[in-house]
Amino acid sequence: MNRIRVEDFSDENDNSCSRQMLKDNDLIAVYFFDQTLLKKYMEQNENQRMVIGLIYIDNYEEILDDIDAVKRSMLIAVADRKINKFIQNVSGVVKRTERDKYFVVFEQKYLDKIKENKFSILDEIKTINLGNSMHMTLSISFGINGNTYQENYEAACAGMDLALGRGGDQAVIKDGEDISYYGGNCEVMERTTRVKARVKAHALKELLESKEKVVIMAHKIPDPDAIGAAVGLYRLGLSLGRKAHIVMNEVTISVRAMVDELNKSGIYDEDMFIDNEQAIEITDENTLLIVVDVNHANYTECEQLLSQTKTTVILDHHRKNKDMIKNPVLSYVEPYASSTCELVAEILQYVDSKPKLEPMEANAMYYGMLVDTDNFVNKTGVRTFEAAAYLKRNGADLTKVRKMSRESMETYRIRAKAISEAEILYGRFAIATLVGIGVDSPTVIGAQVSNELLDIDGIEASFVLTGVHERVYISARSIDEVNVQKIMEEFGGGGHLTVAGAQLVDVSLEEAKNIIHETLRYLISKGEI
């Protein structure tokens, strides 16, 4: 007797093997199994699974310093009540574990309700006003669908690391390897305390002292911030008696003046800058690999190096995401920072040996900050100017820095052409394209065009697509109305609320433009932007 599936007799399967096996005089018996009860129990089991969650107040210390002492307890009490009400509305349990941290548990059947409301608590908590000039913000993380409660808790902890690493004011749901983000519409708040910078500086020094050599690597087509930060860390390595190298395959026009000055100075080794092949040859288990200005493995200058040593450090100011470099021994990713050069400047001040920067090194770092802040306009806080002051004390010459930033007439014309041909979408988005093949520092030009498009009245966000060989680099900018970082995450990119980017592979500029257009239309229809 042959057993044949009923589906094999559909019209689409007219020539199926099962149909051909039957003969005219065969008797067909069909059995139906009622799985309604089984499906019901499976659904009940799924709904009753426990969600483990964490809720942190992002700016607890800062907001308490911002309010009168007599109102502090009242402020925290109001926040506590809102958080408790949020969880009680889904029949959950919430427990305050520390003064600014909460542990929550509720049944998974209520998760859809929270998603539909788009984590309304994120906006509600900002409405608390007892005289405080800054808004309170939360980071929320839920771990779901683990085999045990412990797995869900670990997923919630990992999700919280992502939420905090992306600047807070958002929720993360971690379901195995799948991660969903909600919120994140508030600019990252600058931390007034430097405790974290001091701790990271001591940890980095210990790692440097434990290895014989250090290799510093940035992203592909490195910009002034990447090379400036690498130069600062190069000086730190030398001050501790370590052999140091900076991986760079292409010297683009944006960093050429900086690199030429370093090479012509005669005070550095000839192998200060090395290419991928040389880096692969010298990197081993006794090498400290420091990755700067990037945390995506596939965006790094030489991804192979990540597997050649187990001692990797990340220093970056872009928000984390699920594609972050795996298992670094030290990670200092701070989205509040204006640039990686700012982070490195702070680290250098807290290292016990107090490394003294050469004036040209201070120039390189100052230039990196200047470019990433668009002349100290974007993402510039108190600590940004303090870092700039430190570099000035170490000999940064603003006239030389300005000369580094000058561009050729051809570059100016390319930028002007891209701006003149820009299109306006939906009355509030500007999009422009430029061909980067044969152009020095095409991604830097793209970023400059993005910044300049924001000067047009009514433009809330700008997107510049730069085609370089088989890749299209997207530079996205906004002032404050639109979270471009969330848009770029649709393409596997990231960044900050007002400054972000992504890369598309194996698409033309026209195809990339259509993809951006469709993505904006989709997000507008969902009410996301």
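The structure presented is a predicted model; accordingly, all values stated were derived computationally and were not measured. Worth knowing before you read on, the calculation uses all heavy atoms, side chains too, and leaves out hydrogens, waters and symmetry mates.
Note: Phe142 and Phe119 have tilted aromatic rings, judged against thresholds of 30 and 60 degrees for the angle between ring planes. Ring geometry for His296 against Tyr299 counts as parallel: the plane angle stays under 30°, on a 0 to 90° scale with 60° as the upper cut.
A side-chain N or O of Gln503 and one of Arg471 form a donor-acceptor pair less than 3.5 Å apart. Side-chain atoms of Thr340 and Asp293 form a donor-acceptor pair, as typed in the model, at a separation below 3.5 Å. The closest side-chain donor-acceptor pair between Asp58 and Ser139 falls under 3.5 angstrom. Between the side chains of Asn394 and Glu361, not a single donor N or O lies within less than 3.5 Å of an accepting N or O. Defined by atom type and a distance below 3.5 Å, a donor-acceptor pair is missing between the side-chain atoms of Asp123 and Ser120.
In this structure, the side chains of Val344 and Val231 stay at 4.5 Å or more apart for every pair of heavy atoms. Counting heavy atoms from C-beta outward, Ser331 and Met324 have side chains that approach closer than 4.5 Å. Considering only heavy atoms from C-beta on, Cys157 stays 4.5 Å or farther from Glu154 through its side chain. Taking the side chain as every heavy atom from C-beta outward, Thr300 and Glu303 approach each other to under 4.5 Å. Asn276 is listed as a side-chain neighbour of Glu301, based on a closest heavy-atom distance under 4.5 Å. The side-chain heavy atoms of His202 and Asp352, taken from C-beta on, include a pair separated by under 4.5 Å. Side chains of Asn451 and Val377 form no contact here, defined as non-hydrogen atoms less than 4.5 Å apart. Considering only heavy atoms from C-beta on, His318 comes within 4.5 Å of Asn295 through its side chain.
The backbone N or O of Arg99 sits less than 3.5 Å from a side-chain atom of Arg96, completing a donor-acceptor pair. Formation of a donor-acceptor pair under 3.5 Å by the Lys174 side chain with backbone atoms of Asn152 is not found in this model.
Smallest separation of non-hydrogen atoms from Val255 and Pro222: CG1-O, 4.0 Å. The two atoms that bring Val464 and Val449 nearest to each other are CG2-CG1, 3.6 Å, heavy atoms only. The two atoms that bring Ala218 and Ala226 nearest to each other are CB-CB, 3.5 Å, heavy atoms only. The shortest non-hydrogen separation linking Leu236 to Ser239 is O-OG, 2.7 Å. Ile140 and Ala163 make their closest contact through O-CB, 4.5 Å (heavy atoms, listed as atom of the first residue, atom of the second, distance). The minimum heavy-atom distance linking Gly232 with Met365 is given by the pair CA-SD, 3.8 Å.
Of the charged side-chain nitrogens involved, at least one lies within less than 4.0 Å of a carboxylate oxygen, so that Glu518 and Arg521 count as a salt-bridged pair. The pair Glu334-Lys196 meets the salt-bridge criterion, since a charged nitrogen lies less than 4.0 angstrom from a carboxylate oxygen.
Heavy-atom contacts from other residues, nucleotides or ligands closer than 6.0 Å to NZ of Lys95 number 12 or fewer.
In this structure, the ring-ring contact (aromatic ring centres under 6.0 Å, His included) partners of His317, at least two apart in sequence or on a different chain, are His496.
Separation of atoms CZ (Phe463) and CD1 (Ile431) is listed at 7.5 Å; rounding is to 0.5 Å. Separating the CD atom in Glu212 from the CZ atom in Arg242 is a distance of 8.0 Å, to the nearest 0.5 Å. To the nearest 0.5 angstrom, Leu75 atom CG is 4.0 Å from Met136 atom CE.
Taking the six-membered ring for Trp and the full ring otherwise, Tyr102 and Phe86 have centroids separated by 6.0 Å or more.
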